[in-house]
Number of protein chains: 2
Amino acid sequence: MLSERKKKILCAVVDGYIESATPISSKEIMQSALPNCSSATIRNELSALESMGYLIQPHVSAGRIPSQRAFRIYVDELMNYERLSDEETNLIVKYLTHQVDTVEEMVERVAKVLSEITHLPALVLKEDNLDIITSIKLLDLDNGKALVVIVTDCRVLKDSFVDLPEHFTSGMLKSAQDWLNKIFVGKRISDFLNYNFPFELVNDQFGDFNKFFKRIVDTLKRESLTHSMQLSTVGENKIFEHVEYKDSEKAKQFLDTVEQKELICELLYCDQDGTTVKIDKEDAVLEGCSLVKSNVQLGENISGSIGVIGPVRMNYKRVVAVVDKISKILNYVINSKR
Amino acid sequence: MLSERKKKILCAVVDGYIESATPISSKEIMQSALPNCSSATIRNELSALESMGYLIQPHVSAGRIPSQRAFRIYVDELMNYERLSDEETNLIVKYLTHQVDTVEEMVERVAKVLSEITHLPALVLKEDNLDIITSIKLLDLDNGKALVVIVTDCRVLKDSFVDLPEHFTSGMLKSAQDWLNKIFVGKRISDFLNYNFPFELVNDQFGDFNKFFKRIVDTLKRESLTHSMQLSTVGENKIFEHVEYKDSEKAKQFLDTVEQKELICELLYCDQDGTTVKIDKEDAVLEGCSLVKSNVQLGENISGSIGVIGPVRMNYKRVVAVVDKISKILNYVINSKR
DNA sequence: AATTAGCACTCAAACCAAAAGAGTGCTAAC
DNA sequence: GTTAGCACTCTTTTGGTTTGAGTGCTAATT
């Protein structure tokens with residue numbers, strides 16, 4: 001357990017480093033946090049904190065910079081949260097209560113405001129696989145294809161087609177539609193994935209169109225897989241505002257990381273309550289960056305996560321406050337719509 | 001008009017500069033292009049080319065680098081085109097003849113291969129506004145909304161919904177659908193934009209549902225507007241492979257340029273035949289970069305453009321050859337599908 | 001026992017001067 | 001018209017010196 005003074009010093013180092021991106025000296029700490037101590041005393045404490053693994057000295061005549069461990073304890077215990085100004089809060093509220101037609105639009109707006117206000121790339125994950133199927137429609141498009149539409153309790157999936165077999169009548173299409181509805185209505189989108197096509201059953205009813213049915217089911221599976229989760233990233237270029245990415249080699253590394261959609265999804269997809277901070281090597285993907293996230297409602301019955309990603313030396317006070325605030329506003333906005 | 005020797009020298013400077021990114025000296029030119037001249041002779045020529053505006057000398061004791069004008073004449077007259085190896089051609093063919101279900105998939109594949117093979121960000125513009133409407137469908141989703149589907153001769157637009165008025169019967173939906181088809185079938189998607197809603201006509205037929213009809217037409221307009229052109233950009237991070245973007249300030253500038261979708265669209269959207277090269281300040285947007293593009297077929301009756309964007313000092317020989325080849329393969333692939 | 005003043009020490013960063021090297025332009029000869 | 005030769009310019013490299021920030025340690029102080 002750290003003494004009060006050690007905490008104060010550690011906090012001052014992290015705060016200072018976040019602000020200046022340079023090693024922090026004993027003298028600076030004295031001035032900013034402990035004017036009643038001498039710099040020598042602080043030096044002793046710094047030395048202790050270093051051997052405890054919280055601080056790093058780039059070279060002997062430099063100040064100290066925080067280790068990953070220091071950022072961790074800073075975020076968890078030391079920092080005092082920032083309160084967003086009323087203007088800022090109002091701005092966010094205004095932006096997020098704007099009338100939107102689709103969830104996608106909402107996602108876009110959330111990502112935009114998050115990125116603008118934190119000056120970091122914003123991540124928004126939409127989870128879709130728990131919707132319950134209300135009905136399935138097969139729409140003959142008169143061009144030999146049918147549009148497969150899945151209506152769920154909160155949205156409409158409509159990106160799949162099936163080729164119709166020759167000599168297919170609209171009556172048969174209707175039968176197929178009925179059959180699909182009988183089986184799938186009430187199930188979850190994600191249930192498609194585990195569904196095994198019952199050849200014998202259909203063989204009896206539709207004979208030759210067995211293959212066609214199988215194809216529809218496969219289409220539905222594919223559709224549900226591609227729509228089970230969707231990650232939007234907005235404002236990648238914001239990282240150029242931060243000194244750690246002055247060297248474009250570093251910028252490339254960062255952008256490559258953000259591009260690893262599946263891995264980022266995994267990081268965002270955890271059901272921990274409240275705002276979570278993942279730092280640097282705590283997760284192999286993050287090497288050199290941190291991620292701040294929170295679970296949110298993106299629409300009626302549509303849940304997801306929002307977050308930002310950026311350098312380990314990000315302004316956690318502010319970023320955590322923003323992510324927290326936006327997620328709360330979002331939940332409020334969504335729930336007041338009912 | 002340039003003498004043969006001047007051409008040879010200018011070509012050597014551009015070739016050398018493209019390869020090494022450093023100023024090219026008289027000696028190098030002698031070795032690479034004119035072993036029968038002395039470096040002094042070449043120096044005289046270089047001096048002449050400089051005063052003609054083709055070359056720039058960064059400082060007195062440096063070699064020459066090409067001006068924008070030099071790149072222009074190089075691309076138009078001097079360079080000898082590269083021939084893609086058979087392996088490479090086969091690779092592209094294989095990649096582009098792979099079975100795809102939608103135009104979007106095709107666009108993705110084209111962009112991917114283009115970017116990978118040129119080591120530059122790839123641009124693919126899909127033009128959609130000339131499709132001819134085959135039919136319009138209104139599909140009752142049982143949740144108070146109807147899905148508006150526009151079927152054209154080559155694709156299906158299906159991203160729009162309308163809220164159904166209360167007490168709306170499926171019979172009325174059918175009537176509405178018939179009415180829409182009567183008016184719009186045979187027209188082009190782009191025609192929606194100029195269509196004025198004929199209040200009186202509908203008033204007679206459907207009385208109270210006037211507003212609803214207007215809403216459908218507005219929806220159709222919006223749909224056709226958002227789908228009239230679509231730009232995909234793939235492989236932005238490829239620019240980090242090029243020395244001009246070692247400084248991340250430059251990289252940011254470039255990425256900001258690429259982000260200006262509308263302006264990039266304008267550059268891609270011109271109906272010049274064959275492969276076109278736009279260099280640097282020839283277009284205000286391009287400041288510091290060049291763009292190589294070609295018009296292509298992306299599907300039956302779907303035209304568009306493909307291109308890459310990168311530093312002025314890009315390998316035009318190769319890039320032009322690649323863009324050319326891919327556009328030809330694409331046209332071949334699409335036409336052989338019929 | 002904790003704190004602090006004082007000082008020696010280290011090391012990065014800034015500075016400067018000299019040397020090396022690349023490449024030119026010009027002149028005079030071919 | 002071409003070229004050898006040379007003086008000149010300017011960048012780049014090198015290496016050494018200085019400066020200054022900041023520490024760790026010791027010894028004195030509270």
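In what follows, every chain begins at residue 1, and chains take the letters A, B, ... in the order their sequences are listed.
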Peer 1: Apply the side-chain contact (heavy atoms from CB on, under 4.5 Å) test between Leu120(B) and each candidate in Val292(B), Leu291(B), Val319(B); give the one that qualifies.
Peer 2: Val319(B)
Peer 1: Rounded to whole angstrom units, what separation is found between the CE atom of Met30(B) and the P atom of dG23(C)?
Peer 2: 12 Å
Peer 1: Find out whether Cys11(A) and Lys6(A) are in side-chain contact, i.e. whether some heavy atom of one side chain is under 4.5 Å from a heavy atom of the other.
Peer 2: no
Peer 1: Nearest 0.5 Å please: distance from the CG atom of Asp256(A) over to the CZ atom of Phe240(B).
Peer 2: 8.5 Å
Peer 1: For Arg43(B), enumerate each residue passing the side chain to side chain contact (heavy atoms under 4.5 Å, CB included) test, keeping only those at least two apart in sequence or located in another chain.
Peer 2: Ser26(B), Ser39(B), Ala40(B)
Peer 1: Check whether any side-chain N or O of Arg5(A) sits under 4.0 Å from OP1 or OP2 of dT3(C), and answer yes or no.
Peer 2: yes
Peer 1: Mind checking what makes salt bridge (Lys or Arg N to Asp or Glu O under 4.0 Å) contact with Glu249(A), not counting sequence neighbours?
Peer 2: none
Peer 1: For residues Lys252(B) and Ser248(A), is any side-chain donor paired with an opposing acceptor at under 3.5 Å?
Peer 2: no
Peer 1: Which atoms of nucleotides 27-30 of chain C (N or O only) lie under 3.5 Å from a protein N or O atom, and what are those distances?
Peer 2:
none

Peer 1: Once salt bridge (charged side-chain N to carboxylate O under 4.0 Å, His left out) is applied, what residue pairs with a partner in residues 308-327 of chain B remain, sequence neighbours excluded?
Peer 2: Asp15(B)-Lys317(B), Glu82(B)-Arg318(B), Glu88(B)-Arg318(B), Glu244(B)-Arg313(B), Asp324(B)-Lys328(B)
Peer 1: Taking atom CD of Glu77(A) and atom CG of Leu10(A), what is their separation to the nearest 0.5 Å?
Peer 2: 10.0 Å
Peer 1: What are the bounds, 5' to 3', of the part of DNA chain D that sits under 4.0 Å from heavy atoms of chain B?
Peer 2: dT2(D) to dT11(D)
Peer 1: Rounded to the Å, how far apart are Asn44(A) CG and dT4(C) P?
Peer 2: 10 Å
Peer 1: For nucleotides 13-17 of chain C, print each protein N/O atom paired with a nucleotide N/O atom at under 3.5 Å, atom names and distance only.
Peer 2:
none

Peer 1: Using a heavy-atom distance cut-off of less than 4.0 Å, which residues of residues 59-67 of chain A contact DNA chain D?
Peer 2: Val60(A), Ser61(A), Ala62(A), Gly63(A), Arg64(A)
Peer 1: Please list, chain by chain and in numerical order, all residues satisfying side chain to side chain donor-acceptor pair (under 3.5 Å) with Thr41(B), sequence neighbours excluded.
Peer 2: Ser38(B)
Peer 1: Go through Lys238(B) and Thr118(B) one step at a time and tell me if the side-chain hydrogen bond (donor to acceptor under 3.5 Å, both in side chains) criterion holds.
Peer 2: CA-CA 9 Å; Lys238(B) 287 281 192 300; Thr118(B) 59; over 6 Å; no
Peer 1: Would you say the rings of Tyr245(B) and Phe254(B) are close, in the sense that their centroids are separated by under 6.0 Å?
Peer 2: yes
Peer 1: How close do Gly63(A) and Pro58(A) get, heavy atom to heavy atom, and via which atoms?
Peer 2: O-CD, 3.4 Å
Peer 1: Just jot down the side chain to side chain donor-acceptor pair (under 3.5 Å) partners of Ser32(B), sequence neighbours excluded, or say none.
Peer 2: none
Peer 1: Using the test side chain to side chain donor-acceptor pair (under 3.5 Å), find all partners of Gln253(A) that sit at least two apart in sequence or belong to another chain.
Peer 2: none
Peer 1: For DNA chain D, what residues of residues 13-28 of chain B have any heavy atom nearer than 4.0 Å?
Peer 2: none
Peer 1: How would you list, by chain and number, every residue that makes a side chain to side chain donor-acceptor pair (under 3.5 Å) with Asn295(B), sequence neighbours excluded?
Peer 2: Lys293(B), Ser305(B)
Peer 1: Would you mind reading off the distance between Gln57(A) atom CD and dA12(C) atom P, rounded to a whole angstrom?
Peer 2: 11 Å
